[in-house]
Structure formats: C-alpha cells, structure tokens
Amino acid sequence: MGVARYGPLGPFKGKIGPIFGYVKQGKLILRAAPQVVPPRSEKQKAVLQRMPVLGTFFQFIKPYLAIGFELSALRNGNSANNSAKSYNLKHAIGGVYPHQFLEYDKVRLTEGGLAVAENAVVVAVADGFRFYWDYDEHDPHAGAQDKTMLMAFFPDQSNPVYLISGVERKAQTQLLEVPAPLKGLSAHTYISFVRDDRRAISNSVYTGAIVFS
C-alpha cells in the first residue's frame, strides 16, 4: 500500500499497482515492482520448442511458402508465412518435449483446392530427381496446363532445391535438377500444382525420402 502524504498529486511512499515510490534527498523516486515469473509448464515448453523445430526447414524455403500459402493467407487474413506455420505446427511436429521432431511426411508446403498429384513417385537419376504422376483429363479440378511445383530438401545440409513453375500437369513427368555436390545425400521430396495466374493451387504431396545417387 502506498501513502500519499502530500495529496493525490504529490509524491507517495510505498507500492501503488506495479510501481514503488519513495522520496530520496527531496526527490520522488519511482521504480517498477519486480515481476515474479512462474516457471513454464511442460506444455508451454513444448509449444516454444516447436517453432525452432519447424524452422530447421521453413527458414530456407520462404519464397516457396509465399506462393504455396498465398491463397490461404488471403482467406485467413494473415501472411503466407503465418498460415504455413499455423498448419504445420499443429500437424507436422512429432514426439514429446524435449524430444520433438519434424515429421516430413506430414509437412504441407502448399495449400489449395486444385487436384493433387495422383500416384506421384520420384526416382533418382544422373542429373537430379525425376517426378512422375498420373493425369485425369476428366477431373474438373485438374487443369491440363497447371504447372508443377517441386521441392527436394536435404536436411543434412539444410539445402533446398526447388522449382516454382515447371511443366504442365498433362506432361506427367518433370526433372528437378540437383547440384552434383549433393550426390550421396538424402532429400525429402514434394510435388504440387499451381495455375499460371496463381489463383488456384493444390495441396502438396509428399513423395518420399530419396538419396541423390
């Protein structure tokens, strides 16, 4: 409790709310009261740990996510980065604190209503990774001219290799060229489709972990 000996507008001694007041050598001294921060719960610690776990991947692919979650961001009223993090923090983090990890097969890099890549597979070739997929010309959500978006992420090197606008969906195959120094390393791979005008995009499909050999 504070005591105002000189009226409501004068100096006071003691604590009022978050402020301590006292008079020293005829001067009013004010300082903030120390805050006692309770120790974080295990749940709070787990939430805090998820962001750096996700950051081991997402901090390197911001331009890709900016396109992949652009439409979701418009719908959610936030940024593409925030939309991407919101989904993946909820769905792509496995384990229990303090041993949480990124589940690459559950990561979503693009989000939208176009048809996904059906029966998508990827194989290692001399110059990189070749992706294959099926195309159903009768699917109204699968435009023949939708463009591929491809991603290969090498976690050991924190190195992404990606393509934003590749061949058309109807081509049913696309090579993602990979730099030779990455030979012998394993990558997590993904495929999506996007319209040229970026007004429509598909959810990404995880096509597995594969060694560039």
Side-chain angles (χ1 to χ4, degrees), residues 37-124 128-129 131 133 141 148-164 166 176 178-179 182 184-194 198 200-212:
V37 179
R40 292 190 175 99
S41 66
E42 291 296 296
K43 183 176 181 180
Q44 290 173 321
K45 292 177 182 178
V47 171
L48 291 173
Q49 188 189 47
R50 288 173 193 165
M51 189 65 74
V53 168
L54 185 62
T56 59
F57 185 6
F58 277 23
Q59 66 176 315
F60 301 105
I61 59 168
K62 290 180 180 179
Y64 199 93
L65 296 173
I67 296 172
F69 278 84
E70 179 180 6
L71 298 179
S72 292
L74 291 174
R75 183 178 66 250
N76 297 334
N78 58 9
S79 68
N81 184 57
N82 285 343
S83 284
K85 287 179 178 177
S86 177
Y87 176 87
N88 287 282
L89 287 171
K90 184 181 297 184
H91 298 285
I93 305 296
V96 178
Y97 177 84
H99 305 293
Q100 296 185 105
F101 56 89
L102 187 59
E103 296 186 283
Y104 285 93
D105 60 326
K106 296 181 181 178
V107 167
R108 178 173 290 180
L109 300 182
T110 66
E111 186 172 76
L114 287 183
V116 300
E118 293 292 344
N119 303 314
V121 295
V122 60
V123 296
F129 298 131
F131 290 75
W133 61 90
H141 301 291
T148 55
M149 290 182 66
L150 307 177
M151 169 66 69
F153 181 69
F154 293 82
D156 290 343
Q157 300 291 322
S158 298
N159 194 335
V161 178
Y162 57 83
L163 184 65
I164 296 277
L176 177 64
V178 177
L182 293 173
L185 299 178
S186 179
H188 295 280
T189 59
Y190 305 81
I191 181 173
S192 309
F193 290 105
V194 63
R198 296 184 183 174
I201 196 168
S202 73
N203 288 346
S204 58
V205 171
Y206 180 69
T207 44
I210 185 169
V211 175
F212 178 33

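Here, residue 1 is the first one in the sequence, and each next residue gets the next number.
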Is the shortest side-chain heavy-atom distance between Val178 and Phe154 below 4.5 Å?
yes
Give a yes or no on this: more than 12 heavy atoms of other residues, nucleotides or ligands lie within 6.0 Å of atom NZ of Lys45.
-> yes
| Quick one: does Gln49's side chain have a donor or acceptor within less than 3.5 Å of a partner on Pro98's backbone? | yes
**Message:** Tell me if a side-chain donor or acceptor on Ser202 pairs with a main-chain N or O of Phe193 at a distance below 3.5 Å.
**Reply:** yes
Flag the pair Tyr190 / Phe153 as yes when their ring centroid distance falls below 6.0 Å, and as no otherwise.
no
Of all heavy-atom pairs linking Ala73 and Ser79, the shortest is CB-C, 3.4 Å
Between Gln157 and Leu182, the two heavy atoms sitting closest are CG-CD2, 4.2 Å
* With a 4.5 Å limit on heavy-atom distance, are the side chains of Phe131 and Val122 in contact? -> yes
Can His188 and Tyr206 be said to form a side-chain contact (heavy atoms from CB on, under 4.5 Å), step by step?
-> CA-CA 8 Å; His188 295 280; Tyr206 180 69; 2.8 Å; yes
Here the gap from Lys62 atom NZ to Ile67 atom CD1, rounded to the nearest 0.5 Å, amounts to 15.5 Å
- request: Decide yes or no for Tyr87 and Ser72: does some side-chain heavy atom of the first lie under 4.5 Å from some side-chain heavy atom of the second?
  value: no
What one should report as the nearest heavy-atom pair of Leu65 and Ala80 is O-CB, 3.8 Å
Measure from the side-chain N and O atoms of Glu42 to the backbone N and O of Tyr97, and report whether any donor-acceptor pair falls under 3.5 Å. no
**Item:** Min side-chain heavy-atom separation Thr110-Val194 under 4.5 Å
**Value:** no
The reported gap from CG in Asn203 to CD1 in Ile191 (rounded to nearest 0.5 angstrom) is 13.0 Å
So NZ of Lys106 and NZ of Lys90: to nearest 0.5 Å the spacing works out to 14.5 Å
Side chains of Val107 and Phe58: closer than 4.5 Å at any heavy-atom pair?
yes
OG of Ser83 to CZ of Arg108, rounded to nearest 0.5 Å, is 11.5 Å
| query | Side chains of Thr207 and Val121: closer than 4.5 Å at any heavy-atom pair? | reply | no
Residues Phe101 and Val53: closest non-hydrogen pair is C-CG1, 3.6 Å
In this structure, CG of Leu185 is separated from CD1 of Ile210 (nearest 0.5 Å) by 13.0 Å
Do the non-hydrogen side-chain atoms of Glu70 and Arg198 ever get within less than 4.5 Å of each other?
yes
Smallest heavy-atom separation, Leu163 atom then Tyr64 atom, equals O-CE1, 3.9 Å
Donor-acceptor check, side chain of Asn119 to backbone of Trp133, threshold 3.5 angstrom: yes or no?
no
Rounded to the nearest 0.5 angstrom, the OG1-CG distance for Thr148 and Leu176 is 9.0 Å
Of all heavy-atom pairs linking Phe69 and Ala84, the shortest is CD1-CB, 3.5 Å
Less than 4.5 Å apart, any side-chain heavy atom of Glu111 and any of Ile201?
no
